[in-house]
Protein chains: 2
Amino acid sequence: MTDVAAFSFNKLVIFGVGLIGGSLARALRERGEADGACTVIGVGRSAASTGRAVELGVIDSSAALTDDAALREALAGADVVLLAAPVAQTQPLLERIAPFLGADTIVTDAGSTKSDVVAAARAALGARIGQFVPGHPIAGRESSGVEAALPDLYVGRNVVLCPLPENAPGTVERIAAMWRATGALVRDMAPEQHDRVFASVSHLPHVLSFALVEQILNSPDAALKFSFAAGGFRDFTRIAASSPEMWRDVCIANRVALLDELDAYSAVLARLRTAIEAADGAALEAVFARSRLARTEWQEQRAGGGAPGDASK
Amino acid sequence: MTDVAAFSFNKLVIFGVGLIGGSLARALRERGEADGACTVIGVGRSAASTGRAVELGVIDSSAALTDDAALREALAGADVVLLAAPVAQTQPLLERIAPFLGADTIVTDAGSTKSDVVAAARAALGARIGQFVPGHPIAGRESSGVEAALPDLYVGRNVVLCPLPENAPGTVERIAAMWRATGALVRDMAPEQHDRVFASVSHLPHVLSFALVEQILNSPDAALKFSFAAGGFRDFTRIAASSPEMWRDVCIANRVALLDELDAYSAVLARLRTAIEAADGAALEAVFARSRLARTEWQEQRAGGGAPGDASK
């Protein structure tokens with residue numbers, strides 16, 4: 001765990017102290033309490049929204065986003081600022097922070113999409129864009145809120161960083177070290193690549209799952225169908241219990257990549273439809289067997305290094 | 001458990017002693033050993049295929065489907081015959097059995113589709129169709145084979161019966177009593193209704209899940225995508241690890257209902273695509289919120305009477 005020793009900080013400011021921000025704070029504080037002093041400040045829409053995080057000891061103190069003086073004090077001399085709010089709030093948040101942002105402070109985020117976040121950051125930070133390192137910790141979203149925050153949420157999880165041309169190498173490395181200190185595996189990707197990958201393995205499955213429940217609801221015998229739904233339906237639609245607001249925002253923020261994946265998926269469905277209609281058993285079995293093999297191999301590789309308790313994302 | 005006392009038999013013959021047939025045998029034998037003598041005979045393609053079931057004590061004896069004398073003896077005086085083989089084998093199996101079938105023997109099945117099974121039974125049994133009661137126990141298929149057979153597999157599970165106009169009431173009631181004796185909840189449906197319901201809540205989700213893995217496999221960055229797939233992908237695609245042969249057969253056997261569901265689903269997807277492209281957050285959130293509510297209510301109702309360990313079906 002030499003990585004764990006590689007990150008130290010004096011002041012971390014987290015905008016949005018929920019599961020993601022709170023878990024980072026708890027992971028770093030557990031080290032900090034060993035290392036010596038380090039301060040974690042949470043910023044929320046109101047004092048109330050961060051009060052619980054202080055009560056739980058997840059953060060040292062809190063500031064209200066609307067309070068200029070408190071925000072200035074919170075950001076003064078901060079090493080790192082994490083934005084852990086909905087991606088749609090990235091630009092207004094950065095515009096709000098910019099006036100109080102020190103030249104040595106590094107800002108990063110935890111958004112599920114990256115191309116839109118980069119555009120928002122460029123618009124808000126302008127010439128200071130080099131201080132912003134886009135990031136995405138791939139961690140659970142099943143339960144949410146600071147009560148669900150865990151010091152080991154990121155152990156063995158992937159954290160994607162999307163370094164910008166304007167980022168100094170040391171700037172990116174500092175954020176990478178912060179995440180490695182939580183036990184996460186840091187991986188770099190271009191924002192467009194990130195958005196394509198997560199449109200495929202996360203955003204599209206959520207849309208498909210919501211769509212199945214919607215289809216059943218629209219059918220005349222919905223109640224009967226639900227009454228016979230069993231384990232296959234249960235797992236297929238578990239992610240349809242995810243936050244409508246979050247997924248609405250993700251679908252819109254990542255719509256370019258998501259539409260590409262949706263169209264590619266519809267093409268596969270059309271192929272399967274043709275095979276079903278033609279009762280082409282060989283064509284169906286070929287696709288099903290290929291999928292089963294790939295899914296089984298994925299599970300096996302994951303069981304090796306993966307986190308079985310990994311939640312929906 | 002007055003239901004449990006309501007069924008007794010002298011001889012049960014099971015064609016295909018795997019998870020489904022084996023679990024019925026184990027459930028009834030546990031009662032039989034209390035009640036007194038009752039014989040369970042397993043029939044397989046060969047003696048070897050049923051030998052393991054005899055070793056495990058799931059059945060009393062076995063017969064090879066190819067052996068006329070053994071088959072005649074097995075079926076002589078049988079109370080009930082269960083077909084627990086792939087649905088595609090229903091007609092050849094019934095044609096093979098018909099010459100040896102006593103007038104008082106009731107035949108039922110465990111197939112995942114019903115309209116095709118009824119057609120096959122009518123073709124094979126002709127005027128004796130009244131002796132056939134179509135059935136479908138909704139039970140796990142995750143693990144398979146007689147080793148996976150459990151005496152309590154059906155406790156609290158639904159078993160659908162699709163009575164035919166030619167069935168005498170007492171004939172249907174006898175099969176219903178058999179399943180109730182295993183702890184199952186017996187529900188009647190018309191074959192077409194059964195096929196529509198399961199096309200929607202089981203067959204379509206399997207196709208959609210196989211299709212997602214197929215789509216990723218077809219993409220240029222498949223390995224990268226799989227490497228970032230997390231919990232949402234895991235649950236959405238768990239059923240893509242199901243048997244390609246079984247699902248090939250189900251898709252073809254139930255293709256009429258499945259194509260209807262697939263088209264209705266594609267229409268929902270097209271609506272969502274339009275909303276995503278137009279960045280219509282209100283439309284997306286409305287669908288997602290409705291789906292989340294329905295999925296959450298379904299889970300809660302199920303937690304009341306349902307089987308949490310329920311497997312893919």
Side-chain angles (χ1 to χ4, degrees), chain A residues 138 158 197 200-202 205 207-217 224-226 228-233 235-241 244-245 247-248 251-252 255 258-259 262 264-265 268-269 272-273 276-277 279 281 284-285 287-292 294-296 298 310-313, chain B residues 138 158 197 200-202 205-217 224-226 228-233 235-241 244 247-248 251-252 255 258-259 262 264-265 268-269 272-273 276-277 279 281 284-285 287-292 294-296 298 310-313:
Chain A
I138 315 306
N158 285 309
V197 166
S200 172
V201 300
S202 173
V207 170
L208 299 176
S209 182
F210 282 123
L212 182 72
V213 180
E214 169 75 356
Q215 177 200 358
I216 297 174
L217 280 171
L224 184 70
K225 285 173 174 172
F226 282 123
F228 281 103
F233 173 86
D235 292 349
F236 186 92
T237 58
R238 187 177 62 77
I239 52 181
E245 301 75 14
W247 287 99
R248 169 203 64 199
C251 288
I252 292 174
R255 64 182 176 281
L258 180 54
L259 289 173
L262 188 51
Y265 183 79
V268 172
L269 270 193
L272 290 173
R273 191 200 189 287
I276 292 165
E277 190 163 30
L284 291 173
E285 186 176 354
V287 171
F288 296 171
R290 202 157 47 223
S291 297
R292 180 197 207 181
R295 174 58 172 72
T296 306
W298 175 83
D310 202 357
S312 169
K313 192 65 195 296
Chain B
I138 316 305
N158 286 309
V197 165
S200 173
V201 301
S202 174
H206 278 78
V207 170
L208 299 176
S209 181
F210 282 124
L212 182 71
V213 179
E214 170 75 356
Q215 177 201 359
I216 297 174
L217 280 171
L224 185 70
K225 286 173 172 171
F226 281 123
F228 281 105
F233 172 86
D235 291 348
F236 186 91
T237 59
R238 187 179 60 76
I239 51 181
W247 288 98
R248 171 202 63 199
C251 288
I252 292 173
R255 65 182 177 279
L258 179 54
L259 288 172
L262 187 50
Y265 183 81
V268 172
L269 269 193
L272 289 173
R273 190 199 189 286
I276 292 166
E277 190 164 30
L284 291 174
E285 186 176 354
V287 171
F288 296 171
R290 202 156 49 223
S291 298
R292 181 199 205 179
R295 175 58 171 75
T296 305
W298 175 83
D310 202 359
S312 168
K313 190 68 195 295

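Reminder, nothing fancy here: chain letters follow the sequence lines and each chain counts from 1.
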Inset, instruction - Give, as side chain, backbone, both or neither, the part of A:Leu212 having an atom under 4.5 angstrom from any heavy atom of chain B. - result: both

Inset, instruction - Pick one of side chain, backbone, both or neither for A:Val268, based on which atoms fall under 4.5 Å of a heavy atom in chain B. - result: side chain

Legend entry - Check: A:Arg292 side chain, A:Ala289 main-chain N or O, donor-acceptor pair, under 3.5 Å: no

Legend entry - Which of B:Val207, B:Leu272, B:Leu269, B:Thr237 touches chain A most, by non-hydrogen pairs under 4.5 Å: B:Thr237

Legend entry - Region of B:Thr296 that comes under 4.5 Å of a non-hydrogen atom in chain A: side chain

Inset, instruction - Go through A:Glu245, A:Lys225, A:Arg290, A:Glu277 and name the one with the most non-hydrogen pairs under 4.5 angstrom from chain B. - result: A:Lys225

Legend entry - Per-residue contact mode, B:Ile276 against chain A (heavy atom under 4.5 angstrom): both

Inset, instruction - State whether the side chain of B:Ser291 and the backbone N or O of B:Val287 hold a donor-acceptor pair below 3.5 Å, judged by distance alone. - result: yes

Legend entry - Interface moiety of A:Leu217 toward chain B, non-hydrogen atoms closer than 4.5 Å: side chain

Legend entry - Which atom of A:Gln215 lies closest to which atom of B:Ala264, heavy atoms considered: NE2-CB, 3.4 Å

Inset, instruction - Specify the closest pair of heavy atoms between A:Gly231 and B:Arg238, including all atoms of both residues, with the distance to one decimal. - result: O-NH2, 3.5 Å

Legend entry - Beyond-backbone contact of B:Phe236 with B:Val213, side-chain heavy atoms, under 4.5 angstrom: no

Legend entry - Engaged part of A:Ser200 at the chain B interface, taking heavy atoms whose separation is under 4.5 Å: both

Inset, instruction - Please name the pair of heavy atoms, one in B:Leu284 and one in A:Cys251, separated by the smallest distance, quoted to 0.1 Å. - result: CD1-CB, 4.0 Å

Legend entry - Which portion of A:Leu208 sits near chain B, non-hydrogen atoms under 4.5 angstrom: both

Inset, instruction - On the 0 to 90° scale, with breaks at 30° and 60°, tag the B:Phe233-A:Trp298 ring pair as parallel, tilted or perpendicular. - result: perpendicular

